Amino acid sequence: MMFKESTLSLVKEAEEALKERFVEIDAVAFRGTQKVMAAFAKHRVSDAMFAGTTGYGYNDKGRDTLDLIFADVFDAEAAIVRHSIVNGTQALAIGLYGLLRPGDVMLSVTGKPYDTLEEVIGIQGTPGNGSLADFGVVYKEIAFDGSFDYPAIEDALKDKNVKMVFVQRSKGYLDRPTLSVKEIGELVKFCKARSDAYIFVDNCYGEFCDECEPTSVGVDLMAGSLIKNAGGGMAQSGGYLAGTAKAVELASYRLTTVGVGNEVGATFGQNRDLFKGFFYAPHTTAQALKTAALAAFMFEKAGFAVEPRYDEPRYDIIQQVKCGTPENLCAFCRGIQKGSPVDAFATPEPWEMPGYTDKVIMAAGAFVQGASIELSADGPLRPPYTAYFQGGLTYESGKIGIMSAYEEVMRASEN
Ligand SMILES: *Cc1c(COP(=O)(O)O)cnc(C)c1O
């Protein structure tokens, strides 16, 4: 791909301005890698673990070892890592159904949960479909504007039926800041002093962005997707849960069935990619963070509102660019698509996505379908026409994607 002189010189300026940030991002990746490699060594990772099993999958040394490694790296007592968990939503649902019982209250303290959880909880969808609401789980929510509403949380926790405090770490596709692990730690202290409720974190997009994870600061359970950060761009599918031994055991009864738990589950030769992916994960996450910071600088220079800004701390890999017009948003996504390694020839178009009120445009050219640790962007066609983008397996390829998006948007806004 060829780029204009003006684009190249803006990139140069950006990389100059981002030098210190990049050093910090690399330092987090280094410490993450240290943790991962120490866990690999401690658990004596060896070639035989990559072989995989069939049928029940008893004595799958690779599977059992990877569970222990995730637990160690995330400072948790236990973990479940499976290629067969279809996505982040299922990993989260396994945790929700694993911990909640009829009559329990699930209290979200970060406002509305991620879209796909609404049907799981039963605030959307058809009654009788097997949502948590069908089983008598009561859902309550406390609004979140960037910081926790502690007085409201204190009040809500007086209800002893509150069995779970639910936290979404990443902004996801909402216009709100992402939580740092430190902020989650403060919430944990506050809640644990007042209640026995489990604290469950939606950790999607958060892994390896910060010095440690929510489970390092006392969260009972967290869950995430392996086609985001924790799979390092290598996992072909999957999800994980990590937390206390008790919470993970209860979750394992929903993963398979009560009494069986996590001691079964054939791995068919997926172990190698999951091990390799976790080995890459701190580094790959750093590539995505750098790509996001570069875009923040370039689009801010071009006059667009961005969130977070280039020099702000990043606690997930998502970058918002407020494109201002539908034309600019579509141009942004076209540019990302053109600058992708796979399907670069395709042109994304806005479409009526089921469950959304506005048309949505999406760009993705990934080796793994839907993998958002790979460079990808989307946005609903409504003001302020925000592009949410994330990923980039390598900073070099991410940079190419961003330069492509930048030139496409510049062309569109000249017209
Ligand atoms: C990606 C994501 C999920 C899960 O989405 P899947 O597409 O099912 O993996 C849940 N919560 C947040 C905040 C996410 O970013």
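Keep in mind the model is a prediction, meaning the values are calculated, not measured. Along the sequence shown, residues are numbered consecutively beginning with 1. Start at 1 and go down the list; that is how both ligands and their atoms are numbered.
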With sequence neighbours excluded, what pairs up with Val137 under the side chain to side chain contact (heavy atoms under 4.5 Å, CB included) test?
-> Leu100, Met106, Leu132

Glu312 bridged to Arg309 by N-O distance under 4.0 Å = no

Taken in chain and number order and not counting sequence neighbours, the residues that satisfy salt bridge (charged side-chain N to carboxylate O under 4.0 Å, His left out) with Glu307 are Lys171

Apply the ring pair (Phe, Tyr, Trp, His ring centres under 6.0 Å) test between Phe389 and each candidate in Phe299, Tyr406, Phe332; give the one that qualifies.
->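 When ring pair (Phe, Tyr, Trp, His ring centres under 6.0 Å) is applied between Phe389 and each of Phe299, Tyr406, Phe332, only Phe332 qualifies.
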
Under 30°, 30 to 60°, or over 60°: which ring-plane class applies to Tyr395 and Phe22, parallel, tilted or perpendicular?
-> perpendicular

Ring pair (Phe, Tyr, Trp, His ring centres under 6.0 Å) involving Tyr310 - partner list, sequence neighbours excluded = Phe297

Please produce the table of protein N or O atoms sitting under 3.5 Å from N or O atoms belonging to ligand 1, one pair a line, distance to 0.1 Å.
{"unit_1": "ligand 1", "atom_1": "8 (O)", "unit_2": "Asn87", "atom_2": "ND2", "d": "3.3"}
{"unit_1": "ligand 1", "atom_1": "8 (O)", "unit_2": "Gly88", "atom_2": "N", "d": "3.4"}
{"unit_1": "ligand 1", "atom_1": "8 (O)", "unit_2": "Thr89", "atom_2": "N", "d": "2.9"}
{"unit_1": "ligand 1", "atom_1": "8 (O)", "unit_2": "Thr89", "atom_2": "OG1", "d": "2.5"}
{"unit_1": "ligand 1", "atom_1": "9 (O)", "unit_2": "Gly88", "atom_2": "N", "d": "2.8"}
{"unit_1": "ligand 1", "atom_1": "11 (N)", "unit_2": "Asp202", "atom_2": "OD1", "d": "3.4"}
{"unit_1": "ligand 1", "atom_1": "11 (N)", "unit_2": "Asp202", "atom_2": "OD2", "d": "2.6"}
{"unit_1": "ligand 1", "atom_1": "15 (O)", "unit_2": "Lys228", "atom_2": "NZ", "d": "3.0"}

